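One-based numbering along the sequence shown. Just so it is clear, the model here is predicted, and its values are computed rather than measured.
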Amino acid sequence: AETMMQQDREAVDDERAGDDVVFQTPKAPAPRKSRGTPAAGASGGRRGRPPGSSRGPGSNKPRGGRAGGRGRPPKRDWGGDDDEGEDEYERLIREAGAQRKGKVPPQFAHEDENSLYFIVRTGRASLQQTVDDWIEEYKVDRDGALLKLMQFFISASGCKGKVTSEMQSTMEHGEVIRKMTEEFDEESGEYPLVTPGQYWKKFRTSFSDFIQLLVKQCQYSIIYDQYLMDNVISLLTQLSDSQVRAFRHTSTLAALKLMTALVDVALTVSINLDNTSRQYDSERAKGKDKRAADRLEVLLTKKQEAEENMDEIKNMLTYMFKAVFVHRYRDILPEIRSICMIEIGVWMKRFHQNFLDDSYLKYIGWTLHDKVGDVRLKCLQALEPLYSSEELKGKLELFTSKFKDRIVSMTLDKEIDVAVEAVKLVISILKFHPDILSDKDCEHVYELVYSSHRAVAQAAGEFLNERLFLPDEDAVRDLRTKR
C-alpha cells in the first residue's frame, strides 16, 4: 500500500496547483486507536441514518413508524489502510482453535435451514421467491426480518456466530460485531468469498444478486421507511471497517452492490421525476379555465415525493461512498480494491449525472498505479465504456490530460491482459480525444505491432487501423532495426 501511495505522490507532484485541488494525492490517515473493534464513538450507530437523509418536519409523505432512539450514526474516524493489525483474523481463529482443540464440527452441522444464508447458498428456492418471502415477513415483523438479514451477512462472512433477538434489541452494531469476532472458529482462514470451487463461485454470484434484487423489490416503499436501510447501511459500514478480513471483504462487496442497486433505483426515480415535472409544467401552463386544479395538486404531490426520494437515495449513496469506498479502495487486500474499481465504473456509466465527475474519477486515476495487475486491469475496464461514449467525452477531458501518460505507459505492462486493455483504451482516446495523443504517444503504440504476444500485437494493429495510418517502408525498417 505504501508503494502505491508513493507512486501516487510522484504521479501528481509536477501537475498544476489548480488541478491538484481535485486530483491531489490522499494523505495517509492517523493510526488507529484500537485493533479489531470499531473506532471510538461508533457505538451509537446501531440504528443510525446516513447524514442528511431525514426528510424533515415539513414532509407530507406518509412514512413507516420508527422505534425510539434510532438516531444517525455519529461522526467517526473510519480508518484508512489496514496494514496495522492485519493478522487479527489469523490470531483470533488460532486462539479459537486452541480453545476447541479436538472438537472440529462438520462445516454445516446444525445449520438453520430457514436462514437466508442456507437458502441463498443451496438454491433451495429461487432468489425471487426468497426476496418476496422476506418482504412479506418484514411487513409483519420487521425486527424479526431484519435479524434474519443481519444473520445473513454474518454467516456469509464464514462466521458461525448467531445474532439473537436480545442482542439485536440491546446491543449497538459495533457490540454485535465484536461479539461475532470473538466467535470465529475457522482454522483454515478461508471464508465463502475466497473458497475455491464451483459451489462457492455460484454462491458469490447469488450473494450479490440477492442484495440487488432485494433493493429492486423494495424500491417503491420499504427502502424509504427510515428503518431497513438505516440498519443495513449502519451494519455494513461498520463491518467493512473490521480488522477481520472475512468481515471486511464480505461487507465491502455487499455495501458496494447495495450502492449499485441504489443507483438503479435513482435512475428510475429520475425518469419518474422528469415525466412528472413535464406533466406538472404542462398543466400549470394552461389557462385557468382549462386547468384542472385537482390534477395539478396530484402532480405537485407526486413531483415533491419524487424529489424527496431522489434526495434520500443520493444521501445514502454519498454516505456509503465516504464511509466504505473511500477507505476500501486502497485496502491491503487486492480483491477488495478490485471490487471498488469494478463498481465505481458501473456507477459512472449508469449514473454519470452524479458519479462521472473528477472528484470520483481521481480514485480510478490513482489506482492505475496499483502494484497488483488485476486491480490495474479493473481500472482500465472501468474506464473503457466511459471513453467509448460520445455523450460522456466532455466530462473526461481533465482526467485524460492528467492520466493520459500513465495509460499510454500501461501498454507495456508486464501483465499481458493489462497491456491489451490499455491499448484498447488508447484507441478509445484516439477516437474521442484525438488532440490529447501526441505523435510520440502514437509511435509508442505502433511499435507494439511487433510484440511477441499476439493479443498485444493485434490490439496495436487495431490502433493503426483506427489511426488510418500505415508507416512507410523506411519507418517499418527502422522499427524492425530497433527490435
Side-chain angles (χ1 to χ4, degrees), residues 22-23 205 208-209 212 216 253 256-268 270-271 317 321 325 328-329 335-370 372-411 413 415-437 441 445 455-456 458-460 462-463 465-467:
V22 176
F23 292 110
T205 300
S208 299
D209 291 346
Q212 295 185 277
K216 179 181 178 181
L253 176 61
L256 299 189
K257 288 296 183 181
L258 181 65
M259 288 184 66
T260 299
L262 288 174
V263 161
D264 291 338
V265 173
L267 292 174
T268 301
S270 178
I271 293 172
L317 290 171
F321 185 86
F325 180 94
R328 299 282 69 81
Y329 87 98
E335 290 87 347
I336 293 180
R337 302 200 298 274
S338 291
I339 291 170
C340 290
M341 293 303 106
I342 292 171
E343 297 306 317
I344 195 174
V346 173
W347 308 334
M348 288 178 175
K349 178 63 177 177
R350 295 185 187 175
F351 197 20
H352 56 84
Q353 306 94 318
N354 191 73
F355 283 101
L356 191 53
D357 179 82
D358 293 321
S359 61
Y360 293 102
L361 280 165
K362 64 185 180 183
Y363 295 103
I364 298 182
W366 290 333
T367 312
L368 288 171
H369 297 273
D370 198 278
V372 176
D374 184 67
V375 182
R376 298 195 299 274
L377 179 63
K378 295 302 187 292
C379 291
L380 295 172
Q381 290 173 339
L383 292 171
E384 173 63 27
L386 308 180
Y387 277 100
S388 300
S389 171
E390 177 74 27
E391 177 188 4
L392 305 179
K393 69 176 186 179
K395 295 186 176 184
L396 294 165
E397 291 180 355
L398 179 58
F399 175 85
T400 305
S401 66
K402 302 290 287 187
F403 294 102
K404 180 261 298 181
D405 290 344
R406 173 57 184 161
I407 293 172
V408 172
S409 71
M410 292 174 75
T411 59
D413 198 280
E415 302 287 346
I416 300 304
D417 291 345
V418 177
V420 172
E421 192 64 35
V423 174
K424 291 180 180 179
L425 188 55
V426 172
I427 293 174
S428 295
I429 294 176
L430 178 65
K431 288 181 180 179
F432 299 106
H433 305 269
D435 297 335
I436 293 290
L437 294 175
D441 294 330
V445 181
V456 176
Q458 187 174 8
E462 293 175 6
F463 177 83
N465 291 334
E466 185 62 36
R467 179 82 171 176

Considering only NZ, NE, NH1 and NH2 on the basic side and carboxylate oxygens on the acidic side, decide whether K378 and D374 come within less than 4.0 Å.
-> yes

So does K216 pair up with D264, basic N to acidic O under 4.0 Å?
-> no

With the side chain counted from C-beta on, respond yes when K424 and V420 share a heavy-atom pair under 4.5 Å apart, and no when they do not.
-> yes

For a side chain to side chain contact (heavy atoms under 4.5 Å, CB included) with C379, tell me which candidate from M341, R406, R337, H369 qualifies.
-> M341

Side chain of S208, backbone of T205: donor and acceptor closer than 3.5 Å?
-> no

Does some side-chain heavy atom of L377 sit less than 4.5 Å from a side-chain heavy atom of E415?
-> no

Tell me, with the steps shown, if V346 and V263 meet side chain to side chain contact (heavy atoms under 4.5 Å, CB included).
-> CA-CA 9 Å; V346 173; V263 161; over 6 Å; no

Do I407 and L368 touch side chain to side chain, with heavy atoms closer than 4.5 Å?
-> yes

Sidechain-backbone polar pair: T260 side chain, L256 backbone, donor-acceptor under 3.5 Å | yes

Side chains of K393 and Y387: closer than 4.5 Å at any heavy-atom pair?
-> no

Pairwise distance CG(L396) to CG(L361) - rounded to 0.5 angstrom = 6.0 Å

Between K395 and D357, is any pair of side-chain heavy atoms under 4.5 Å apart?
-> no

Value for CZ (F399) from CD1 (I364), rounded to nearest 0.5 Å, stands at 6.0 Å

At what distance, to the nearest 0.5 angstrom, does CD of Q212 lie from CG of L262?
-> 10.0 Å

Student check: side-chain heavy atoms of I339 and I342 closer than 4.5 Å | no

Atom OH in Y329, atom CD1 in I344: separation rounded to 0.5 Å?
-> 10.0 Å

Do the non-hydrogen side-chain atoms of L383 and F403 ever get within less than 4.5 Å of each other?
-> no

Just by distance, with hydrogens left out, do S388 and E384 show a side-chain donor and acceptor under 3.5 Å apart?
-> yes

Would you give the length of the straight line joining atom CD of E343 to atom CZ of F325, rounded to the nearest 0.5 angstrom?
-> 10.0 Å

Would you call D413-R376 a salt bridge at under 4.0 Å N-O?
-> yes

Is the centre of the F321 ring less than 6.0 Å from the centre of the Y363 ring?
-> yes

Say you draw a straight line from CD1 of I416 to CD of E421; how long is it, rounded to the nearest 0.5 Å?
-> 13.5 Å

